[in-house]
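Here is the structure we will look at.
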Amino acid sequence: MVLAAETPIVGTGKDYTHLVQDYRVHGSLYTDPAVFADEMKRIFTDGWVFVGHESEIRNGGDWVARRLGTERVLMARTHDGEISVVANRCAHRGTTLCPQSEGNNRNFRCPYHAWTYDLDGTLLGAPFPKGFVNEKPDVRLDQPGQVGIYRGFVFANQSGTAGPLAEHLGPGGSDLLDRAADMSPTGRLRLDGGWIGQRVDSNWKMWPESDNDGYHIIFAHESLASSLLAGSQYEDVILGGEGQTKSVARDYGGGHVELDFRRSYTTELAWLGAPRSKVGAYCDDLEVAYGAEKAKSIMWDGPPHAFVFPNLFLGEMNIARIDPLAPGLTEHYHTPLLVETSDPGINRRVVLQSEAAMGPASFFLPEDVVIAERMHRAFDVSGAADPYGHTDRGWVELGRGIEREQSGDGQRWSDVTDETTSRGFWHHYRAVMSVESIGTAPSNGSSGNGQG
């Protein structure tokens with residue numbers, strides 16, 4: 001059995017090729033319940049979705065509670081060492097099996113009628129078996145049709161029709177995850193530092209836009225920009241001037257995008273804000289593991305600031321996941337990206353930086369939350385005014401830098417302040433939402449950018 005989405009799925013007849021144009025999108029895409037229902041089907045049921053990381057469930061019996069779209073699931077490590085993803089819902093009467101966010105269990109036992117399941121979802125037993133025709137019902141916990149793992153990142157596809165995970169990631173998505181994982185000298189990350197979540201009164205799509213928007217940093221984060229960003233990777237964005245920055249906004253196709261800061265760094269470890277003397281053992285571990293040349297590249301280039309479609313944000317030394325709950329309600333979770341190394345100093349530094357940048361009282365995230373909620377309130381009005389985009393009302397412009405984009409090798413890129421990343425997300429969104437036969441994977445290539 002595959003997971004059934006909680007949101008009713010009905011055909012809406014929306015013309016997404018009209019509502020998502022090359023240089024603008026319509027505001028109703030953020031607020032319309034029918035659009036949200038389509039997204040839960042076409043993106044979060046028929047597509048690959050990030051669930052978690054294998055380091056979160058290191059031991060047999062470990063599990064964490066997650067979502068696949070609106071579906072509550074459990075990601076668990078079985079006692080055989082395999083990773084399973086199952087519905088957090090008893091197959092008998094639908095009771096939530098695990099109300100907590102994480103734990104370690106020998107099995108899953110329903111608190112209502114004590115039906116017991118193995119960690120892979122197999123029904124082990126039900127009390128008073130004489131009441132059943134075959135002494136044990138022929139059921140199991142619902143599970144996704146596909147589960148895939150790449151560099152420790154666990155993805156699931158509910159419908160089982162999404163094709164191989166490698167096709168979803170494509171060269172761009174795979175490279176982004178490779179670069180994140182290679183920050184660890186062992187190639188294995190630790191996402192076990194704990195997740196902090198915020199419930200935001202905004203549409204989920206505002207977060208792929210905001211997390212990879214290089215245009216707003218100096219304005220929305222003015223206090224941080226004026227006090228703490230000098231010498232960091234963001235200084236190039238702030239002080240470089242339009243068209244003078246070395247950083248670029250990059251679209252890899254498939255909805256995977258990046259604010260690529262690599263060209264802006266003038267010293268090794270600039271992305272960490274610390275000289276080698278502070279994390280020397282970590283650097284030594286990199287050189288032993290990868291050799292001098294690759295280690296030097298890692299120390300200079302740092303981690304990606306990128307988005308893997310549809311819900312994974314690689315926020316440099318942070319990882320974030322985006323959970324859509326309703327058209328105007330999203331949960332945004334983040335955790336520090338920790339590495340396996342003999343140097344405890346670097347992980348300590350990463351945790352402190354994560355708290356300063358992404359925590360509830362931090363510089364970045366609270367300001368982005370306020371902006372997203374203000375945007376959504378405005379879209380509630382504009383989208384309702386013309387829900388089908390038949391007039392010039394309610395459109396959102398995404399055309400900045402469209403004429404100066406460059407392309408090659410399946411990528412598009414432009415100035416870091418241009419909206420290349422937002423267009424990359426929306427062009428892939430349009431392809432997925434416009435597929436007539438739901439379940440057929442769209443091309444990973446970037447669409448054209450000509451205005452029309």
Side-chain angles (χ1 to χ4, degrees), residues 1-11 33 36-37 40-42 44-52 54 56-149 154-162 195 197 323-326 329 331 438-439:
M1 301 173 66
V2 297
L3 296 171
E6 295 173 356
T7 302
I9 302 300
V10 293
F36 184 81
M40 293 306 102
K41 171 60 176 171
R42 302 189 186 202
F44 288 91
T45 296
D46 289 341
W48 285 101
V49 179
F50 171 64
V51 183
E54 61 183 4
E56 301 179 76
I57 46 173
R58 289 182 176 273
N59 305 308
D62 286 351
W63 59 267
V64 292
R66 292 293 150 83
R67 285 181 180 269
L68 284 177
T70 55
E71 182 75 19
R72 296 179 185 273
V73 299
L74 301 168
M75 183 179 75
R77 176 82 65 174
T78 71
H79 295 291
D80 294 331
E82 299 298 320
I83 291 179
S84 72
V85 178
V86 296
N88 190 6
R89 181 184 62 248
C90 181
H92 176 213
R93 298 285 288 276
T95 308
T96 297
L97 293 172
C98 299
Q100 301 86 7
S101 61
E102 60 183 279
N104 180 281
N105 291 58
R106 182 175 180 82
N107 49 53
F108 297 130
R109 183 178 183 271
C110 179
Y112 193 9
H113 297 100
W115 285 33
T116 305
Y117 303 87
D118 202 349
L119 298 176
D120 67 359
T122 303
L123 179 65
L124 297 176
F128 307 141
K130 292 182 180 179
F132 303 106
V133 175
N134 297 317
E135 295 194 352
K136 188 172 73 172
D138 185 20
V139 299
R140 58 168 293 123
L141 297 180
D142 288 350
Q143 61 187 134
Q146 295 173 278
V147 174
I149 305 173
V154 181
F155 297 80
N157 163 236
Q158 291 190 39
S159 68
T161 62
W195 294 83
D323 289 344
L325 306 185
L329 188 62
E331 287 181 346
I438 296 177

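Keep in mind the model is a prediction, meaning the values are calculated, not measured. Numbering starts at 1 and runs along the sequence shown. As a basis for the values below, the full set of heavy atoms in this structure was taken, side chains included, without hydrogen atoms, waters or symmetry mates.
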Worksheet item: With sequence neighbours left out, what residues match Arg58 under salt bridge (Lys or Arg N to Asp or Glu O under 4.0 Å)?
Response: Asp192, Glu340
Worksheet item: Quick one: side-chain hydrogen bond (donor to acceptor under 3.5 Å, both in side chains) partners of Glu331, sequence neighbours excluded?
Response: Arg199, Tyr333
Mind checking the [atom1]-[atom2] spacing from [X] to [Y]? Nearest 0.5 Å is all I need.
X      : Y      : atom1 : atom2 : answer
Leu329 : Phe36  : CG    : CZ    : 8.5 Å
Asn88  : Met75  : CG    : CE    : 13.0 Å
Phe132 : Asp138 : CZ    : CG    : 12.5 Å
Asp142 : Gln158 : CG    : CD    : 9.5 Å
Ile83  : Glu54  : CD1   : CD    : 5.0 Å
Phe108 : Thr122 : CZ    : OG1   : 11.5 Å

Whether the side chain of [X] engages the backbone of [Y] through a donor-acceptor N/O pair (distance < 3.5 Å, no angle test) should be reported.
X      : Y      : answer
His113 : Ala126 : no
Thr45  : Met40  : yes
Ser159 : Asn157 : no
Gln146 : Ala162 : yes
Arg67  : Glu71  : no

Do [X] and [Y] have side chains that approach each other closer than 4.5 Å (heavy atoms only, starting at C-beta)?
X     : Y      : result
Asp62 : Asn104 : yes
Glu56 : Arg77  : no
Thr78 : Asp118 : no
Lys41 : Asp46  : yes

Item to complete: Look at the aromatic rings of His92 and Trp115 and report parallel, tilted or perpendicular, splitting at 30° and 60°.
Response: parallel
Worksheet item: Which atoms form the tightest heavy-atom contact between Leu119 and Val86, and what is the distance?
Response: O-CG1, 4.4 Å
Discussion item. Could you report the tightest heavy-atom contact between Pro144 and Leu68, atom names first, then the distance?
Written reply: CG-CD1, 3.9 Å
Item to complete: Apply ring pair (Phe, Tyr, Trp, His ring centres under 6.0 Å) to Trp63 and Tyr117, showing your working.
Response: CA-CA 14 Å; Trp63 59 267; Tyr117 303 87; over 10 Å; no
Atom pairs and distances, donor-acceptor, side-chain atoms in residues 94-103, under 3.5 Å, two or more places apart:
none

